[in-house]
Structure formats: structure tokens, C-alpha cells
2 protein chains.
Amino acid sequence: MEPNTAYHALLKNLGLKVTPKRLALLSVLEEEHRYLSPEEVWKKLRRSFKSLGLPTVYRNMEELECHGVISKVLHSNRKLYYYFCPKTGHHHHFVCMECRIVEDLSVCAVREMEKEIKRQVNGTVTSHILQVNGLCGNCAEKL
Amino acid sequence: MEPNTAYHALLKNLGLKVTPKRLALLSVLEEEHRYLSPEEVWKKLRRSFKSLGLPTVYRNMEELECHGVISKVLHSNRKLYYYFCPKTGHHHHFVCMECRIVEDLSVCAVREMEKEIKRQVNGTVTSHILQVNGLCGNCAEKL
DNA sequence: TCATAAATAGAAATGATTTCTATTTATACC
DNA sequence: GGTATAAATAGAAATCATTTCTATTTATGA
Ligand SMILES: [Mn+2]
Ligand SMILES: [Mn+2]
Ligand SMILES: [Zn+2]
Ligand SMILES: [Zn+2]
């Protein structure tokens with residue numbers, strides 16, 4: 001029941017080979033309650049692996065993201081960050097622009113919930129991003 | 001009462017010099033009901049200006065954004081897009097991933113509003129991004 | 001053990017964005 | 001209408017996060 005066993009199963013289920021580096025990457029991500037850039041993860045992992053390519057970290061994080069294991073954080077600096085959230089079910093995140101900590105939110109609406117959010121995180125809400133993506137009527141028709 | 005007069009005043013009020021390129025840039029942005037990359041705007045503007053540097057377009061769009069005249073669109077491809085929305089007041093946008101059209105939304109909550117949004121845009125909602133930014137308790141205290 | 005496809009390292013390329021510097025331009029004032 | 005001045009700009013170059021490439025290594029299942 002050590003975490004490694006869980007990661008092992010996780011990778012297996014995704015049809016990915018269970019490599020020491022992948023296990024370590026998952027471990028690093030789960031320990032951090034913050035979103036990290038691939039380079040930051042790479043720096044942490046290099047302590048344990050004498051040889052480790054940065055592209056490997058990029059590739060693995062992208063892979064895990066596309067399988068829904070970790071999620072991208074949209075940052076206004078347009079750099080790549082990922083966060084591993086163990087909580088399941090639809091929810092949103094409060095992300096600190098300063099220390100990059102991530103906290104789960106139980107609310108989904110925003111404007112009318114700002115007070116509630118402030119109480120929950122005991123911090124300051126400076127802004128929020130709400131963008132709805134999809135296909136407009138025209139494009140949905142064509143495709 | 002031509003648009004140029006309005007842009008002229010707009011730039012003046014921001015303390016920016018009224019250059020032909022800035023006026024043309026604003027014009028291009030207002031005509032499009034879609035979000036555009038600086039390079040796309042540059043290509044459009046080059047029709048009217050024999051010499052026009054791409055950095056000039058980047059600089060001006062950034063300037064306008066920081067003054068709140070246009071807004072950045074967070075795209076999952078992490079490229080830079082801007083959109084000029086004439087509507088005032090707090091509201092959100094529906095952005096098409098295919099043709100990049102932008103439509104104003106009158107709703108602010110999401111999950112419980114998806115049906116309503118679908119009706120409004122007459123298209124398909126594939127995902128939404130809701131991220132709350134701020135400073136966590138610790139960081140808010142320190143700063 | 002072995003064959004095989006997947007994963008990886010390390011070097012190199014990419015390309016959007018930014019920086020730099022000399023030149024041009026808008027503007028305020030006369 | 002000139003003129004001084006700071007702001008804006010062009011064009012070239014640099015940056016640098018991210019991606020691509022290729023030869024080598026590794027995990028896996030038979
Ligand atoms: Mn979460
Ligand atoms: Mn709008
Ligand atoms: Zn913080
Ligand atoms: Zn569309």
C-alpha cells in the first residue's frame with residue numbers, strides 16, 4: 001500500500017510503461033500542493049537521477065495531462081504549469097500568483113461567491129478567469 | 001463622430017501619443033469580433049503601412065491591454081491573443097476554438113448554466129476554464 | 001532469456017516573444 | 001509655422017521555453 005504501488009497501478013491502467021522516472025515524477029507532483037513548471041520538476045528529479053533529460057519531463061507531464069492525471073494551470077505569463085489534484089469530481093481551484101499553492105474550492109459560481117471564497121482561502125482574491133470554450137453554431141455545423 | 005475621433009480621444013485620455021498606426025490597430029481590432037494574435041494584426045496592418053515592425057504591434061497591444069482597452073484571451077495553446085470588447089460591465093465570453101469568434105455572455109456561473117449558454121450561442125460548449133487568482137493567506141500577510 | 005516497442009538522453013532546432021539601438025515622429029510651446 | 005523633447009518606431013538580433021530528432025537504453029510479455 002505504499003504510494004509507489006498506487007502509481008504503478010495508475011501507469012499500468014493508462015497503458016504506460018512503469019519507469020522509475022515516471023514513478024518519481026508522480027511522487028514529486030503529489031508531494032507538492034503547488035503547480036510546477038516542467039523545469040522545476042526536472043530540477044527536483046535530477047537530485048535522484050544523474051541523467052535525466054528535460055524533454056523527458058515535458059513529455060511525461062504532457063502525457064499525464066492528456067490522460068487526465070494532472071491538470072494544466074492557465075497562467076497569465078503563458079508558461080506551462082501542472083498540478084496534481086487528488087480530489088475527484090468537478091471542482092475549481094484557487095491558485096496563488098505568488099507562492100503557487102493550490103487550494104480546492106467547493107463553489108463553482110464566482111461573482112456571488114467571492115466573499116465565500118475569501119473566507120475559504122483566508123487570502124485575497126485579485127481576479128478570476130472564466131472562459132467558456134466550444135464551437136460556435138457555424139463551426140459546430142461544419143464539423 | 002467618425003470612429004477615428006473616438007480612438008483619438010481614447011488614446012489621449014490614456015496619455016498615449018496618437019499615431020496613425022495606433023489608430024489603425026484599434027480600428028482593426030474593433031472590426032473583428034474575434035480574438036487575434038499580434039502577428040495576425042500585423043499582417044492586416046501591413047496592407048496599409050509599407051513599414052511596420054512586428055514588435056510595434058506587440059508593444060501597442062500590450063500597452064492597450066494594460067490600460068484595459070483590450071483583453072487577453074487565455075488559450076490552451078499558450079499563444080498570445082487579444083480581443084477588443086466594446087461592452088462595458090462585468091461579463092464573460094464564449095470563445096470559439098475553431099474560428100475564434102467571441103460572444104458576450106450574460107451569465108456568470110457556469111455549471112448550472114451550461115444549458116443556457118448552449119442556447120445563447122447556438123453551438124457546443126466543450127469546456128470551461130474557471131480559475132480564481134489571488135494571494136493566499138500567508139502571502140497576503142507578508143506583502 | 002529474448003524480441004519488440006516504448007522510453008529516454010542529449011544535442012539541436014524552433015518560433016513566438018522580447019530586447020536593443022539608431023532613427024523618426026507627435027506634441028507642447030513659442 | 002518653427003523647434004525642442006520625449007515617445008514611438010523599424011529592423012535586426014537575442015532570448016528562451018518548448019519541441020524535435022536520433023541513437024541508445026529499458027520495460028514488458030512471451
Ligand atoms: Mn483540486
Ligand atoms: Mn464582451
Ligand atoms: Zn501564496
Ligand atoms: Zn466558431
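Proteins come first, then strands; the chains are lettered A, B, ... in the order of their sequence lines, and each starts at number 1.
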With respect to the side chain of [X], which nucleotide from [options] is positioned closest?
X	options	answer
B:Leu54	C:dT8, C:dT17, D:dT18	C:dT17
B:Thr56	C:dA9, D:dT18, D:dA10	D:dA10
B:Asn60	D:dT18, C:dA7, D:dT9	D:dT9
A:Pro55	C:dT17, C:dG10, D:dT18	C:dG10
A:Lys17	D:dT26, D:dT9, D:dA17	D:dT26
A:Arg59	C:dT8, C:dT17, D:dT18	C:dT8

Quiz item: Between the main-chain N or O of A:Val28 and the side-chain N or O of A:Glu31, is there a donor-acceptor pair closer than 3.5 Å?
Solution: no
Quiz item: When you measure from the side chain of B:Arg22 to the backbone N and O of B:Leu11, does any donor-acceptor pair fall under 3.5 Å?
Solution: no
Taking atom [atom2] of [N] as reference, at what distance in whole Å does atom [atom1] of [X] sit?
X	N	atom1	atom2	answer
A:Leu14	D:dA27	CG	P	18 Å
B:Glu39	C:dT18	CD	C1'	15 Å
A:Leu80	D:dC16	CG	P	18 Å
B:Glu63	C:dT18	CD	C1'	15 Å
A:Met61	D:dT18	CE	P	10 Å
A:Arg78	C:dA16	CZ	P	12 Å
B:Arg22	C:dT24	CZ	C1'	14 Å
A:Trp42	C:dT8	CH2	P	15 Å

Quiz item: Which comes earlier along DNA chain D counting from the 5' end, the contact point of A:Ser37 or that of B:Thr19, where each point is its nearest nucleotide?
Solution: B:Thr19
Practice problem: For B:Leu16 and for B:Lys79, find the nucleotide of DNA chain C with the closest heavy atom, then tell me which residue's nucleotide is more 5'. | Solution: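 With B:Leu16 and B:Lys79 compared, the 5'-side residue is B:Lys79.
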Exercise. Could you tell me which non-hydrogen atom of B:Leu54 sits nearest to which non-hydrogen atom of B:Glu39, and how far apart they are?
Key: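 Where B:Leu54 meets B:Glu39 most closely, the heavy atoms are CD1-CA, 3.9 Å.
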Quiz item: What is the minimum heavy-atom distance between B:Val57 and B:Pro38, and which atoms define it?
Solution: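 Smallest heavy-atom distance, with atoms named: CG1-O, 3.4 Å.
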Exercise. For C:dT17, take OP1 and OP2 only and decide whether either is under 4.0 Å from a side-chain N or O of B:Tyr58.
Key: yes
Quiz item: D:dA10 phosphate, OP1 or OP2: any side-chain N/O from B:Lys21 under 4.0 angstrom?
Solution: yes
Practice problem: May I ask you to decide whether B:Glu32 forms a salt bridge with B:Arg100, counting only side-chain N to carboxylate O separations under 4.0 Å? | Solution: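 Looking at B:Glu32 and B:Arg100, the cut-off is not met.
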Practice problem: Evaluate whether atom NZ of A:Lys43 has more than 12 neighbouring non-hydrogen atoms of other residues, nucleotides or ligands under 6.0 angstrom away. | Solution: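 At most 12 heavy atoms, drawn from other residues, nucleotides or ligands, come within 6.0 Å of this atom.
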Self-check item: Near-ring test B:Tyr35/B:Tyr83, centroid separation under 6.0 angstrom
Solution: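 No, they do not, as the ring centres are separated by 6.0 Å or more.
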Exercise. Give a yes-or-no answer on whether the side chains of A:Tyr7 and A:Glu30 include a donor-acceptor pair shorter than 3.5 Å.
Key: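 Result is yes, a qualifying pair exists.
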Quiz item: Given axes from five pairs at either end, by how many degrees does the helix from C:dT1-D:dA30 to C:dC30-D:dG1 bend, rounded to 10°?
Solution: 40°
Exercise. Mind checking A:Lys12 for me? I need base, sugar-phosphate or nothing, with any heavy atom below 4.0 Å counting as a touch.
Key: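 Here A:Lys12 touches the backbone only, sparing every base.
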